[in-house]
Amino acid sequence: MSINIDDYKLQNVPNTIYYIPNFITEEEENHILKKVYEAPKPKWTCLKSRRLQDYGGIPRRNGMITEPIPEWLQFYMDKVSDLNVFQSVRANHVLINEYEPGQGIMAHFDGMLFFPVITTISCGSHTVLEFIEGSDGNRQPVCNLLLERRSLVILTNDFYKKYMHLIDERDSDVLDENCINLDKCADKYEVGTELKRQTRISLTIRNVPKLCKVNLFDMLMTGK
Ligand SMILES: O=C(O)CCC(=O)C(=O)O
Ligand SMILES: [Fe+2]
């Protein structure tokens, strides 16, 4: 099945969001969850409000020292890269986040270390991704997205550079008219519906343009 992402572009928002429901099958979702939970314990980095695994290396200002990607994960990276979302390059990094109900991620920009396109596959639970603009003292909501399990969302342009994104720390989400992709979802939802969150695993698949070859001599001399 070949997907043309232009068919999934949200028209009622500033540029640019693509939302693809059921990007993966239930079997693929179960396969991802199984593989994520098979990772050895030290692969997890525990933060206060979520746990994460990095694949492909740790992006740094000097460049990312690449690490081999497991074959099962490369399959999903290829599935995303094949949409040509990273123009002439392909995904080489994945951040896997786990959120229990009640957990989230503070408002942030993804920053300069990535090619400015964010692609995220959701597994295990929906969540609501919120966008805001403005600075600390004057933050305004822009819009929200319902990310259903098995969906892929692609954020770029203003949704990469201009608006910050966040996931509020809640056990459930009440859908309201700020949620601008309800008509594009796999399931039909009414405004006012409350969705209880379950444990969500997200795969944020990106491209890190700047790589560095490991130079042991430099590492020893500079400590970097
Ligand atoms: O889990 C998500 O959908 C968002 C994760 C995110 O924004 C990030 O890791 O930068
Ligand atoms: Fe982010």
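Each ligand, and each atom within it, is numbered from 1 in the order the structure gives.
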Mind checking whether Leu129 contacts ligand 1 via backbone (N, CA, C, O), side chain (CB onward), both or neither, at a 4.0 Å heavy-atom cut-off?
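Answer for Leu129: neither.
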
Under a 4.0 angstrom heavy-atom cut-off, which atoms of ligand 1 come close to [X]?
X	result
His165	7 (O)
Thr120	3 (O)
Ile167	1 (O), 2 (C), 3 (O)
Asp110	10 (O)
Leu95	9 (O)
Asn97	5 (C), 9 (O)

Check the Fe ion (ligand 2) and write out every protein N, O or S atom at under 2.8 Å, as residue and atom.
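Protein N/O/S atoms under 2.8 Å of the Fe ion (ligand 2): His108 NE2, Asp110 OD1, His165 NE2.
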
Can you classify the ring geometry of His93 versus Phe114 as parallel (below 30°), tilted (30 to 60°) or perpendicular (above 60°)?
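It falls in the tilted class, 30° to 60°.
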
Which class fits the ring pair His31 and Tyr76: parallel under 30°, tilted 30 to 60°, perpendicular over 60°?
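Ring orientation of His31 relative to Tyr76: tilted.
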
For [atom], the protein heavy atom that lies nearest, with its residue and separation:
atom	value
atom 5 (C) of ligand 1	Tyr99 OH, 3.4 Å
atom 3 (O) of ligand 1	Arg200 NH2, 2.8 Å
atom 10 (O) of ligand 1	His108 NE2, 3.0 Å

Given a cutoff of under 4.5 Å between side-chain heavy atoms of I, L, V, M, F, W and Y, with clusters grown through shared members, what are the other residues clustered with Ile132?
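Traced through the cluster, Ile132 reaches Phe109, Met164, Leu166.
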
Hydrophobic cluster of Leu95, others only, ordered by chain and residue number, side-chain cut-off 4.5 Å
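Joined to Leu95, directly or through intermediates: Leu47, Leu52.
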
Does any donor atom in the side chain of Gln140 or Asn138 lie under 3.5 Å from an acceptor atom in the other side chain?
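Looking only at side-chain atoms, Asn138 and Gln140 do form a donor-acceptor pair, the distance falling under 3.5 Å.
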
For Glu194, I'd like to know if atom CD has over 12 heavy atoms of other residues, nucleotides or ligands within 6.0 Å.
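Yes, CD of Glu194 has more than 12 neighbouring heavy atoms, counting only those of other groups under 6.0 Å.
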
Could you tell me whether Glu38 atom CD has more than 12 heavy atoms of other residues or ligands within 6.0 Å of it?
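Yes.
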
For the pair Lys43 and Glu98, find out whether any cationic side-chain nitrogen is under 4.0 Å from an anionic carboxylate oxygen.
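A salt bridge is absent here (no side-chain N lies under 4.0 Å from a carboxylate O).
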
Lys/Arg N to Asp/Glu carboxylate O, Asp173 vs Arg170, below 4.0 Å:
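A salt bridge links Asp173 with Arg170.
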
Per the ring pair (Phe, Tyr, Trp, His ring centres under 6.0 Å) rule, which among Tyr163, Phe159, Tyr160 passes with Phe131?
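Answer to the ring pair (Phe, Tyr, Trp, His ring centres under 6.0 Å) test with Phe131 among Tyr163, Phe159, Tyr160: Phe159.
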
Test: salt bridge (Lys or Arg N to Asp or Glu O under 4.0 Å). Region: residues 84-97. Which pairs qualify, not counting sequence neighbours?
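Found Asp78-Arg90, Asp82-Arg90.
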
